[in-house]
Amino acid sequence: MNNRKIFYWSIIVALAGFLFGFDTVVISGADKQLQALWHTSDLYHGLVVMSSALWGTVIGAIFGAIPTNKLGRKKTLIIIGVLFFVSALGTSLAENTVVFAFFRFIGGLGIGASTIAAPTYVSEIAPAKDRGKLVALYQFNIVFGILIAFTSNYFLQDIGENSWRWMLGIQAFPALIYTILVFGVPESPRWILDYLKDKTKAIAILKQINPNSNLDEEIKAIETEKSKETVDENIFMKKYRKPLLLAFFIAFFNQLSGINAFLYYAPRIFELAGLEKSASFLSSIGIGIINLLFTIIGITLIDKYGRKTLMYIGSIGYIISLGLVSTAFMLEWKGMLVPVFFFLFIASHAIGQGAVIWVFISEIFPNKLRAAGQAFGCSVHWILAALIPSFIPYLFKTIGTATVFIIFCLMMVLQLIWVFLKMPETKGQTLEELSESLSNKEEIK
């Protein structure tokens, strides 16, 4: 097996995750500066200025399966790079909230589409035994992008009254590099077989991936799965109810942890906990470092111990950390205690939901419907990711910070119960084996 080549292609495609992470978090550094500049209310600031990218992400996730299937995984990934580039330039030059929100929305389209195209592509070229860690490279790049965004914000925060323009505009450089690199990856052989029906071309790419494998057997397995499809199949058919519900709940619980609400407002939350502005930005870098380290741990463990085990660890960590955060705000503990509790929260997310979600959703649907299934799960994820942060400034002011985090904590108790009762283990099985098992409602051993 050509492990080096597969790893190289996976890393390039996963760089879409870097742009995703950077774009998601870079706005946190400009948060209060933008509100002061444009004199917006808390509700308008949350719904329009801060969450415009998230609403773009929702649209990108809902409709991202269309180009991923019609144009192919590779062309869609190229378009994603262009969207990020245009968004970075546009937001950095914006002169009012409407223009700013429009270009943030464009970047959001790139994020939403990337959560479909990138994990789908990597899952389709990866061998079963390494699929978890290779797809999880996307998540690694998300958290690496988050760390770089926090670090960039810290160093750019004091360069002048227009520091926010530099914070947002600097993303144009990695977006351009990613777009150029993705031209060099091949198309997914499974997409070529399913949509172009070009067996010769698919075999040629499979030979690059694994020149020593029994290609006839691999092609036969893919074609056998395809032969079981009926005309106009879709993910909402009764036979796919189980993977549909699995995708829904893992995405639902991901956002009900409060992860995006925290990442979007990290400096604001730390200031509420009594930290000075500079210390709050520095603590945000600490969040990025913890996120990166525990994502690496999650990636190394996901194929060895499985997706479900990591979800157990993450769920318990969520409950403990969110319980401590809500207690700290309730009792008005000031200083560095709150950042420490959030470090535990981020570590729990990184090793659990963060490492698992994109891998799990990309595995549980059949080849023909993988992009559509990915789109469904991502849509649930991003609709909630748009709604929750939109109301965070308003909720902090009305019901209180402690109450908000108590709600997130209770939702993680429900996640732990769901993992125990309903979540199957998917490690080590081919995509075709998983499709057969889940579509027939059999339990995965």
Side-chain angles (χ1 to χ4, degrees), residues 15-40 45-46 48-54 56-57 80-111 114 141-180 260 262-271 275-289 291-292 389 393:
L15 285 174
F18 175 89
L19 298 172
F20 163 178
F22 193 101
D23 191 87
T24 297
V25 165
V26 72
I27 190 69
S28 69
D31 169 23
K32 301 189 80 173
Q33 199 174 355
L34 290 173
Q35 188 170 14
L37 174 67
W38 286 319
H39 308 291
T40 53
H45 181 67
V48 179
V49 178
M50 292 297 287
S51 296
S52 50
L54 288 171
T57 302
I80 287 165
V82 174
L83 291 172
F84 279 120
F85 180 78
V86 170
S87 174
L89 287 183
T91 52
S92 67
L93 299 172
E95 294 294 340
N96 57 63
T97 58
V98 175
V99 173
F100 182 86
F102 171 77
F103 282 106
R104 284 289 292 167
F105 182 86
I106 294 295
L109 293 176
I111 294 175
S114 78
N141 275 277
I142 292 173
V143 300
F144 185 51
I146 289 171
L147 172 60
I148 296 302
F150 277 139
T151 306
S152 174
N153 286 348
Y154 176 75
F155 285 109
L156 293 173
Q157 64 176 311
D158 294 321
I159 66 170
E161 60 179 303
N162 288 320
S163 60
W164 66 270
R165 296 188 186 277
W166 290 98
M167 289 178 185
L168 294 158
I170 202 168
Q171 189 187 6
F173 295 105
L176 182 61
I177 292 168
Y178 161 78
T179 305
I180 294 169
N260 265 39
F262 172 64
L263 292 177
Y264 258 59
Y265 296 102
R268 180 186 291 242
I269 291 170
F270 287 145
E271 285 187 43
L275 274 68
E276 297 293 330
K277 177 185 174 185
S278 181
S280 70
F281 271 83
L282 200 57
S283 295
S284 298
I285 296 176
I287 290 294
I289 293 171
N291 202 359
L292 185 68

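Computed from a predicted structure; not experimentally measured. Residue indices begin at 1 and follow the sequence shown. Quick note: numbers below take in every heavy atom, side chains included, and nothing from hydrogens, waters or symmetry partners.
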Sorted by chain and residue number, the ring-ring contact (aromatic ring centres under 6.0 Å, His included) partners of Tyr178 (sequence neighbours excluded) come out as none

More than 12 heavy atoms of other residues, nucleotides or ligands under 6.0 Å from CZ of Phe144: yes or no?
no

Whether over 12 other heavy atoms sit under 6.0 Å from Trp166 CH2:
no

Look only at the side chain of Arg104 and the backbone of Ala53, and say whether a donor-acceptor pair between them is shorter than 3.5 Å.
no

Do Asn260 and Leu54 have side chains that get closer than 4.5 Å, going by heavy atoms?
yes

Using a 3.5 Å distance criterion without hydrogens, assess whether the side chain of Gln171 forms a donor-acceptor pair with backbone atoms of Leu19.
yes

In this structure, CZ of Phe18 is separated from CD1 of Ile148 (nearest 0.5 Å) by 5.5 Å

Would you say Ser163 and Asp158 make side-chain contact, with heavy atoms under 4.5 Å?
no

Do Phe22 and Ile142 pass the side chain to side chain contact (heavy atoms under 4.5 Å, CB included) test, and can you show the C-alpha distance, the side-chain angles, and the key distance before you say yes or no?
CA-CA 7 Å; Phe22 193 101; Ile142 292 173; over 6 Å; no

Search all heavy atoms of Gly81 against all heavy atoms of Ala175 and return the closest pair with its distance.
O-CB, 4.0 Å

Looking at Thr24 and Ile27, what are the two nearest heavy atoms and their distance?
O-CG2, 3.4 Å

Is Val48 close to Thr40 at the side-chain level, that is, under 4.5 Å between some pair of heavy atoms?
no

Within-4.5 Å side-chain heavy-atom neighbours: Thr91 and Arg165:
no

Between Ser87 (side chain only) and Leu83 (backbone N and O only), is there a donor and an acceptor less than 3.5 Å apart?
no

Check against side chain to side chain contact (heavy atoms under 4.5 Å, CB included), Phe84 and Ile106
CA-CA 7 Å; Phe84 279 120; Ile106 294 295; over 6 Å; no

Contact between Ile289 and Ile285 at the side-chain level, heavy atoms closer than 4.5 Å - yes or no?
yes

N/O donor-acceptor pair under 3.5 Å between Asn153 side chain and Val26 backbone
yes

What's the shortest heavy-atom distance between Ser92 and Gly169, and which atoms?
CB-CA, 3.5 Å

Backbone of Ile111 reached by a side-chain donor or acceptor of Ser114 within 3.5 Å:
yes

I'd like to know if the side chain of Gln33 and the backbone of Ala30 have a donor-acceptor N/O pair within less than 3.5 Å.
no

Quick check for you: to the nearest 0.5 Å, what is the distance between Leu147 atom CG and Leu292 atom CG?
6.0 Å

So Phe150 and Ser28, do their side chains get closer than 4.5 Å, heavy atoms only?
yes

Measuring only between side-chain heavy atoms, which start at C-beta, is Leu34 closer than 4.5 Å to Trp164?
yes

Where do Ile170 and Ser152 come nearest, in terms of heavy atoms and distance?
CG2-OG, 4.0 Å

Taking the side chain as C-beta and beyond, is there a heavy-atom pair between Phe85 and Thr179 under 4.5 Å?
no

Working to the nearest 0.5 angstrom, can you tell me the gap between Phe102 CZ and Asn96 CG?
12.5 Å

